[in-house]
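This report refers to the structure that appears directly beneath it.
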Amino acid sequence: MVTRIEHLVTSGTFSLDGGTWDVDNNVWIVGDDQEAIVIDAAHDAEAIARAVGERRLTAIVCTHAHNDHIDAAPELAGRTGAPVLLHPDDLPLWEQTHPDRAPDAELTDGQSLTVAGVELTVLHTPGHAPGAVCLYAPALSALFSGDTLFAGGPGATGRSYSHFPTIVESIRDRLLTLPGDTVVHTGHGDRTTVAAEAPHLQEWIDRGF
């Protein structure tokens with residue numbers, strides 16, 4: 001069976017440091033007709049479960065623990081029996097949203113997740129959040145970047161738990177070294193490619209963005 005990448009947009013709010021903003025999130029489903037994983041269970045567990053359908057959900061992967069990326073994860077896990085996976089450095093953020101429900105297992109740098117015969121490698125890319133990760137699937141020429149890298153620049157680093165020099169280092173050393181034709185599937189907004197973003201690294205550094 002052909003492994004494919006499916007895309008769902010869900011809407012809700014992002015809250016941190018006393019502020020709340022309306023946001024649209026990208027939810028990525030990777031799999032075939034039999035099994036799948038969900039990357040970032042945002043806002044609407046019912047809509048995500050409907051998109052998964054009758055397939056076996058093997059994991060709910062959190063690229064980081066800002067509430068807009070994890071708010072539907074426990075409910076989706078309850079519906080499907082799939083484990084919620086999070087890098088442990090993001091537990092303080094997770095606990096702000098889900099104080100009474102811990103993730104089921106940890107993500108670690110270099111860890112391999114396999115779904116429908118395709119391997120996804122976990123890349124720890126701190127900066128936007130301490131435990132932020134990306135997932136790289138070379139067989140699909142795909143990178144799932146969460147909020148680490150967007151079309152046009154790095155994720156935001158102006159709030160608690162974030163650090164601009166760290167996200168720049170993560171992007172430079174872990175992401176821009178990937179093949180240029182790698183499609184970057186972002187946490188919000190449009191896709192991009194490594195080749196499209198790589199020439200602009202120094203511009204981002206110069207303007208602190």
Using a 3.5 Å distance criterion without hydrogens, assess whether the side chain of Thr193 forms a donor-acceptor pair with backbone atoms of Ala196. yes
Give a yes or no answer on whether the side chain of Asp90 reaches the backbone of Ala65 with a donor-acceptor pair at less than 3.5 Å. yes
Please assess His66 against His128 for the test ring-ring contact (aromatic ring centres under 6.0 Å, His included), listing each intermediate value before the final yes or no. CA-CA 10 Å; His66 284 153; His128 180 68; 4.6 Å; yes
Donor-acceptor contact below 3.5 Å, side chain Thr192 vs main chain Val184: no
If you compare all heavy atoms of Glu119 against all heavy atoms of Ser112, which two are closest, and at what distance to 0.1 Å? CG-OG, 2.8 Å
Donor-acceptor contact below 3.5 Å, side chain Asp71 vs main chain His43: yes
Examine distances only and state if a side-chain atom of Asn26 and a backbone atom of Gly189 form a donor-acceptor pair shorter than 3.5 Å. yes
Going through the distances and angles, do Ser15 and Asn67 end up as a side chain to side chain donor-acceptor pair (under 3.5 Å)? CA-CA 7 Å; Ser15 299; Asn67 73 289; 4.6 Å; no
List for me each residue that meets salt bridge (Lys or Arg N to Asp or Glu O under 4.0 Å) alongside Asp33, sequence neighbours excluded, and say none if there are none. Arg4
Under 3.5 Å, side chain of Thr10 to main-chain N/O of Ala42, donor-acceptor pair present? yes
What orientation do His87 and His124 show, parallel under 30°, tilted 30 to 60°, or perpendicular over 60°? parallel
Nearest 0.5 Å, what's the CD1-CZ distance between Ile205 and Arg172? 6.5 Å
Closest heavy-atom pair, Glu6 versus Ala51, reported as atoms and distance to 0.1 Å, is OE1-O, 4.1 Å
For the pair Asp32 (side chain) and Gln34 (backbone), establish whether a donor and an acceptor sit closer than 3.5 Å, ignoring hydrogens and angles. yes
More than 12 non-hydrogen atoms from neighbouring residues, nucleotides or ligands closer than 6.0 Å to CG on Asp190, yes or no? no
Enter the distance from Tyr161:OH to Asp17:CG here, rounded to the nearest 0.5 Å. 8.5 Å
Thr182 side-chain N/O to Leu143 backbone N/O, donor-acceptor pair under 3.5 Å: no
Would Ser141 and Asp181 satisfy side chain to side chain donor-acceptor pair (under 3.5 Å), going step by step from the backbone distance to the final call? CA-CA 7 Å; Ser141 296; Asp181 62 353; 4.7 Å; no
Connected-component partners of Leu57 among ILVMFWY, side-chain separation under 4.5 Å: Leu8, Val27, Ile29, Val38, Ile48, Val52, Ile60, Ile70, Leu76, Val84, Leu86, Leu91, Trp94
side-chain hydrogen bond (donor to acceptor under 3.5 Å, both in side chains) partner of Asp68, the single match among Thr13, Thr97, Asn25: Asn25
Candidates Leu175, Val194, Thr186 - the one meeting side-chain contact (heavy atoms from CB on, under 4.5 Å) with Leu149: Leu175
Check against side chain to side chain contact (heavy atoms under 4.5 Å, CB included), Asp109 and Arg174: CA-CA 11 Å; Asp109 186 55; Arg174 307 305 305 276; 3.1 Å; yes
Which other residues belong to the hydrophobic cluster containing Leu113, where Ile, Leu, Val, Met, Phe, Trp and Tyr are joined when side-chain heavy atoms lie under 4.5 Å apart, directly or via other members? Ile5, Trp28, Val30, Ile37, Ile39, Val61, Leu85, Leu107, Val115, Val118, Leu120, Val122, Val133, Leu135, Leu140, Phe144
